[in-house]
Amino acid sequence: MPHRIAAIQKLTATEPHPERVAMFAIAGDSASGKTTLTKGLVEAIGTHRISSFCTDDYHRYDRKERKNLPFTPLNPECNYLEIMEQHLQLLILGQPILKPKYHHADGTLGRPELFIPSEIVIVEGLFPLWSKLSRATFDVTAYLDPPETVRRAWKIARDTTKRGYTTEQVLSDLEQREPESEKYIRPQRAHADLVISFAPVEGRSSLSATILLRPTVPQPDLHDILTPATRDAAHIKLIRDQDGKPVDALHIHGHAPEAASRLVEEKLWEKIGLGGDIPASLGRISSTERSAPLAIAQLIILHHMIHC
Ligand SMILES: Nc1ncnc2c1ncn2[C@@H]1O[C@H](COP(=O)(O)OP(=O)(O)OP(=O)(O)O)[C@@H](O)[C@H]1O
Ligand SMILES: O=C(CO)[C@H](O)[C@H](O)COP(=O)(O)O
């Protein structure tokens, strides 16, 4: 047996292509904004450099089958997480995977899809930071953490227009999911290098963003960006994290004058060093809505992706 393993290792020892895959996780509960954030990044840099997929593809059961089961998609038992872990290990080595496929539009499982990693891979979904093994495959990790009121509103609007649910069904689903969200999804927050929360500040309807820049990875140096000229758009302060440890919190105002937010975006884009203009996809929520705090959060992530 050992000689067979050695023979296989010799036969499969090819140079990985691309040479090094930078792996990023974007975790969070349903409708916390993971796909919106990821889509803007992929479009900004292009699929030749960034590829992404969603861990919802590892659902074990389709929507119809789930109706008769005692758990929700937020339960590990409802997902092939061991296969997800195997795939993450292959991707980090630059190897292709044949990934399952889940269709949100109608809740069905589709044909498997070939996924060939590009130089940067984003894995977004409910479970990327689920286990020690899955976490070990990522260079940088983020957790999206909007307040429940915001997430519920986003989920109702999205699921009733794009996933075929009624408002009553979404509300009942949210209630059923709560214990599993607490047990399996929210603990992943503790394992993220960046914790991003889009939320309104008191008395304002626009959404601001707060990004915890945890010292678990080198964070971008922002001292030349957060100057008096950008004070109305963003500032940083030291706060206490959930575990009581001090952490830098970057606050990006949703109600800032456009010129000040734009300056932060331009300075970050320059620091990233890709040249050209800031891609129009950054900050895009829909074909008619743009959010400067979202664009700035995406630029912070992009800085990690290009410089990790
Ligand atoms: N930063 C944002 N600002 C305003 N609205 C947002 C933002 N991010 C997402 N949304 C809204 O929330 C909805 C849900 O977001 P999205 O589909 O990205 O969540 P998700 O975390 O990928 O969800 P799921 O895990 O259920 O697929 C979107 O349709 C969009 O309208
Ligand atoms: O928690 C979710 C993450 O997107 C979804 O609700 C889950 O993937 C099941 O999908 P759907 O009911 O939309 O088909």
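We number each residue from 1, following the sequence as shown. This one's a predicted model, so the numbers in the text were calculated from it and none came from an experiment.
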Going through the distances and angles, do D224 and K267 end up as a salt bridge (Lys or Arg N to Asp or Glu O under 4.0 Å)?
CA-CA 8 Å; D224 52 343; K267 282 171 172 255; over 6 Å; no

Between S172 and E175, does the side-chain hydrogen bond (donor to acceptor under 3.5 Å, both in side chains) criterion hold? Intermediate values first, please.
CA-CA 5 Å; S172 141; E175 200 182 318; over 6 Å; no

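At least one donor-acceptor pair closer than 3.5 Å links the side chain of S118 to the backbone N or O of S51. Using a distance-only test at 3.5 Å, with no hydrogens or angles considered, a donor-acceptor pair links the side chain of R290 to the main chain of L282. One N or O on the side chain of K34 and one on the backbone of D29 form a donor-acceptor pair closer than 3.5 Å. Within the 3.5 Å criterion, the main-chain N or O of T141 finds a donor-acceptor partner in the side chain of D193.
Ion pair R189/D241 flagged as a salt bridge, since at least one NZ, NE, NH1 or NH2 atom sits closer than 4.0 Å to an Asp/Glu carboxylate oxygen.
Taking the six-membered ring wherever Trp is involved, the centroid distance between the rings of Y102 and H104 falls below 6.0 Å. Ring centers of F115 and F53: under 6.0 Å apart, within the cut-off. A centroid separation of 6.0 Å or more is found between the aromatic rings of Y143 and H191.
Using modelled atom types, one finds a donor on one side chain and an acceptor on the other under 3.5 Å when comparing Y165 with R63. Between the side chains of S181 and E178, no donor N or O sits under 3.5 Å from an acceptor N or O. There is no side-chain donor-acceptor pair under 3.5 Å between T55 and E124. Between the side chains of S131 and E85, at least one donor-acceptor pair of N or O atoms lies under 3.5 Å.
Remark: of the listed residues K101, E82, H87, K99, H87 is the sole one forming a side-chain hydrogen bond (donor to acceptor under 3.5 Å, both in side chains) with Y58.
Closest heavy-atom contact between E77 and F71: OE1-CE2, 3.8 Å. When all heavy atoms of K245 and D243 are compared, the pair lying nearest together is N-OD1, 2.9 Å.
The number of heavy-atom neighbours closer than 6.0 Å to CG of D221, taken from other residues, nucleotides and ligands shown, is above 12.
With contacts defined as side-chain heavy-atom distances shorter than 4.5 Å, the pair L126/E180 does not qualify.
Ring geometry, H303 versus H307: the interplanar angle falls from 30° to 60°, so the pair is classed tilted. The aromatic rings of H255 and H253 sit tilted, their planes meeting at an angle between 30° and 60°.
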